[in-house]
Amino acid sequence: MRRDCPVQHPGRHDPGSHIRAAFSRLAPSYERMAVLERAAGERLLEMLAVGPQDSVLDLGCGPGHLTRRLRTRTKGKLVGIDLSAGMIAQARWRTQRTGITFLVGGAEDLDFDGTFNIIFCNSALQWFTGPGRAVDGCYRALRRGGWLGVQVPATRQWCSLVRDVMTVAAQDPRTSEDFRRFRDPVFFMATAEEYVSLFNRSGFEVHDA
Ligand SMILES: C[S@@+](CC[C@H](N)C(=O)[O-])C[C@H]1O[C@@H](n2cnc3c(N)ncnc32)[C@H](O)[C@@H]1O
């Protein structure tokens with residue numbers, strides 16, 4: 001992955017551009033509002049049992065609030081990556097002198113090889129435009145025996161409220177700028193078994209879904 005601001009070629013299809021733009025606009029207030037994501041992230045932290053020497057990637061790290069929580073658990077290499085430059089600017093600003101590296105980049109373009117022993121991915125996979133490519137990249141980025149922990153908001157059926165909220169937000173003048181292009185971009189699978197297949201296809205053994 002190229003460090004910082006991957007070049008966007010004019011005219012080239014960029015499927016993540018509206019997601020990147022929307023999250024950059026949300027970035028300054030995201031941390032304050034992310035009550036649900038924070039609670040789910042804490043649970044994922046517990047499940048991954050991050051230890052003091054672990055080398056960790058926080059994929060789709062947003063403004064780095066959970067990356068900072070990871071820092072309290074490990075002194076090892078810690079990298080946060082997010083598609084949104086606005087989110088990464090917030091993360092850098094809020095996380096000085098902690099030795100965390102924050103990079104702007106897409107999960108689909110990971111370029112690490114056996115670098116981490118844990119990848120933490122909270123509330124982000126559902127936004128990836130190429131989830132299969134992202135999971136392949138995670139597999140390559142992990143050392144043998146490493147762990148990928150992913151929290152996604154279950155199935156579309158379970159999350160039907162999200163669709164209703166987006167429809168309303170797209171019409172409300174206060175939020176329409178952010179939401180008007182959100183025509184069902186969210187990646188959901190129908191069952192836990194489908195998620196298991198997604199991870200199995202990249203070579204992962206799934207221990208809990
Ligand atoms: C709901 S926020 C979650 C942020 C943080 N992980 C948390 O739990 O609060 C989703 C994040 O995924 C990022 N994102 C969306 N698509 C991405 C992609 N293809 N690659 C990397 N990050 C992406 C967004 O910019 C956003 O910061």
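Computed from a predicted model, the values in this text were never measured in an experiment. When a ligand or atom number is given, it counts from 1 through the structure's own listing order. Along the sequence shown, residues are numbered consecutively beginning with 1.
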Do Leu148 and Val206 sit in the same hydrophobic cluster, where Ile, Leu, Val, Met, Phe, Trp and Tyr count as joined when their side-chain heavy atoms come under 4.5 Å apart?
yes
Which residues satisfy the side chain to side chain donor-acceptor pair (under 3.5 Å) test with Asp136, sequence neighbours excluded?
Ser202
The side chain to side chain donor-acceptor pair (under 3.5 Å) partner of Glu31 among Gln90, Arg68, Arg38 is Arg68
Non-hydrogen atoms closer than 4.0 Å to ligand 1: which protein residues do they belong to? List them by chain and number, please.
Ile19, Phe23, Tyr30, Glu37, Gly60, Cys61, Gly62, His65, Leu66, Asp82, Leu83, Ser84, Met87, Gly105, Gly106, Ala107, Glu108, Asn122, Ser123, Ala124, Trp127, Phe128
So does Tyr139 have more than 12 non-hydrogen atoms from other groups sitting under 6.0 Å from OH?
no
Which class fits the ring pair Phe199 and Tyr195: parallel under 30°, tilted 30 to 60°, perpendicular over 60°?
parallel
Given Arg140 and Asp111, is the salt bridge (charged side-chain N to carboxylate O under 4.0 Å, His left out) satisfied, shown in steps?
CA-CA 8 Å; Arg140 282 192 303 273; Asp111 189 15; over 6 Å; no
